[in-house]
Amino acid sequence: SQSEITNWVKRIWFTSPRAIDVGWIRFTMSDGKISERIFLNIASFGISGLVDALVNASPKWMGGRAAFLIGTARALFQYKPQPVKITIDGGKVIEQEVMVVAVANGRCFGGGMCIAPKAQLDDGLLELTIVRRLSKPLDIDLLWRLYACRIHEHRDVHLERIRAIEATPLHSGQRIWLDVDGEAVGLLPAMIEVIPSSLWIKWPSTGQPW
């Protein structure tokens, strides 16, 4: 409502700036060149690239939330889990087939999907969410938990607080697309790490801007 927007603007206006973290990613472009960039919210790979393509092709009248919900459901039927190698903080190694892997500074992406319920913008860490191969193609329980900020309770989901990861395809010839803050930028291999307290913004002490 108009009053809620007005209150939110007032809270921001009278709030002192606070330092937040950002993410840094080095990745492979489609032509094979190496590039890097900063992201504010979430970098992901796996099914998220397919969801983006389906959402971009959907009618605009659907709105963002509905388009992403339907796009995600469709993608779950079409996407084949990809085997990847993930090295966490230069030590722990995970090798498995994944539906999606998100490295999150903020909690939500894709029209309100809460992929990283415990992420904080100013804690000096990123939240790693790994959705493994699902036991059934369309998992309604997973979708419900994704929107209810309870995805961490699902049996096929692993969450971990990290500072950096390196992700590579397990097999040569795999093309695993990256999504960075809603943009398809390139492919794995990629390195992702947090840059703590590197951006000053105004946002209220309760809640997160995204």
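Residue numbers run from 1 in the order of the sequence given. It should be emphasised that the depicted structure is a prediction, and the values quoted were computed from it without experimental measurement.
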Report yes if some heavy atom in the side chain of I88 is under 4.5 Å from a heavy atom in the side chain of L128; otherwise report no.
yes
Partners of P83 by side-chain contact (heavy atoms from CB on, under 4.5 Å), sequence neighbours excluded?
E97, L170, H171, Q174
At their closest point, which heavy atom of G124 faces which heavy atom of P196, and how far apart are they?
CA-CB, 4.1 Å
Sequence neighbours left out, what passes salt bridge (Lys or Arg N to Asp or Glu O under 4.0 Å) with E160? Give chain and number order.
K92
Quick one: list whatever passes side-chain contact (heavy atoms from CB on, under 4.5 Å) with I38, sequence neighbours left out.
V22, W24, I195
So, for S30 and L187, which heavy atoms are closest and what is the spacing to 0.1 Å?
CA-CD1, 4.0 Å
Are the side chains of L143 and M113 in touch, meaning some heavy atoms are under 4.5 Å apart?
no
Restricting to salt bridge (Lys or Arg N to Asp or Glu O under 4.0 Å), what partner residues turn up for D89, sequence neighbours left out?
none
With rounding to the nearest 0.5 angstrom, report the CG to CD1 distance, N105 to I42.
8.5 Å
According to salt bridge (Lys or Arg N to Asp or Glu O under 4.0 Å), who are the partners of R145, at least two apart in sequence or on a separate chain?
D141, E153
Worked check of side chain to side chain contact (heavy atoms under 4.5 Å, CB included) between R132 and V157
CA-CA 6 Å; R132 299 180 280 263; V157 174; 5.8 Å; no
Quick one: are I25 and L178 in side-chain contact, heavy atoms under 4.5 Å?
yes
Compare the SG-SG distance of C114 and C108 against 2.5 Å and report whether it is shorter.
no
Determine whether M99 and I130 satisfy the following criterion, side chain to side chain contact (heavy atoms under 4.5 Å, CB included), listing intermediate values before the conclusion.
CA-CA 8 Å; M99 296 295 294; I130 301 175; over 6 Å; no
Take I165 and T87 through the side chain to side chain contact (heavy atoms under 4.5 Å, CB included) test and state the conclusion after the steps.
CA-CA 5 Å; I165 72 162; T87 304; over 6 Å; no
The residue among V180, D179, L188 that forms side-chain contact (heavy atoms from CB on, under 4.5 Å) with F45 is L188
What I want to find out is whether D181 reaches R37 closely enough, with some N-O distance under 4.0 Å, to be called a salt bridge.
no
Are L125 and L199 in one and the same hydrophobic cluster, where Ile, Leu, Val, Met, Phe, Trp and Tyr link if side-chain heavy atoms are under 4.5 Å apart?
no
Would you sort out whether R107 and C149 count as a side chain to side chain contact (heavy atoms under 4.5 Å, CB included), showing the intermediate values?
CA-CA 9 Å; R107 296 188 304 153; C149 274; 4.0 Å; yes
Taking the side chain as every heavy atom from C-beta outward, state whether D122 and R18 have any atom pair closer than 4.5 Å.
yes
Measure across E127 and A119 and return the closest heavy-atom pair with its distance rounded to 0.1 Å.
OE1-N, 2.8 Å
Within the structure provided, determine whether V103 and I162 are in side-chain contact (heavy-atom separation under 4.5 Å).
yes
Nearest heavy-atom pair of F27 and G186: which atoms, and what distance?
CD1-CA, 4.1 Å
Please examine the side chains of V101 and I86, heavy atoms only from C-beta on, and report whether any two atoms are closer than 4.5 Å.
yes
Least distance between heavy atoms, P189 atom then T168 atom:
CB-CG2, 3.6 Å
Specify the closest pair of heavy atoms between A43 and I192, including all atoms of both residues, with the distance to one decimal.
CB-CD1, 4.2 Å
CG/L40 to CG/L121 distance, rounded to the nearest 0.5 angstrom?
9.0 Å
How would you list all residue pairs meeting side-chain hydrogen bond (donor to acceptor under 3.5 Å, both in side chains) that involve residues 188-200, not counting sequence neighbours?
none
In Å and rounded to the nearest 0.5 Å, what is the CD to CD1 distance from Q120 to I20?
12.0 Å
Would you compute the distance between atom CD1 of I151 and atom NE2 of H158 and round it to the nearest 0.5 angstrom?
13.0 Å
Does R175 have any salt bridge (Lys or Arg N to Asp or Glu O under 4.0 Å) partners at least two apart in sequence or in another chain, and if so, which?
none
Single-linkage hydrophobic cluster, 4.5 Å side-chain cutoff, W144 and L146 together:
no
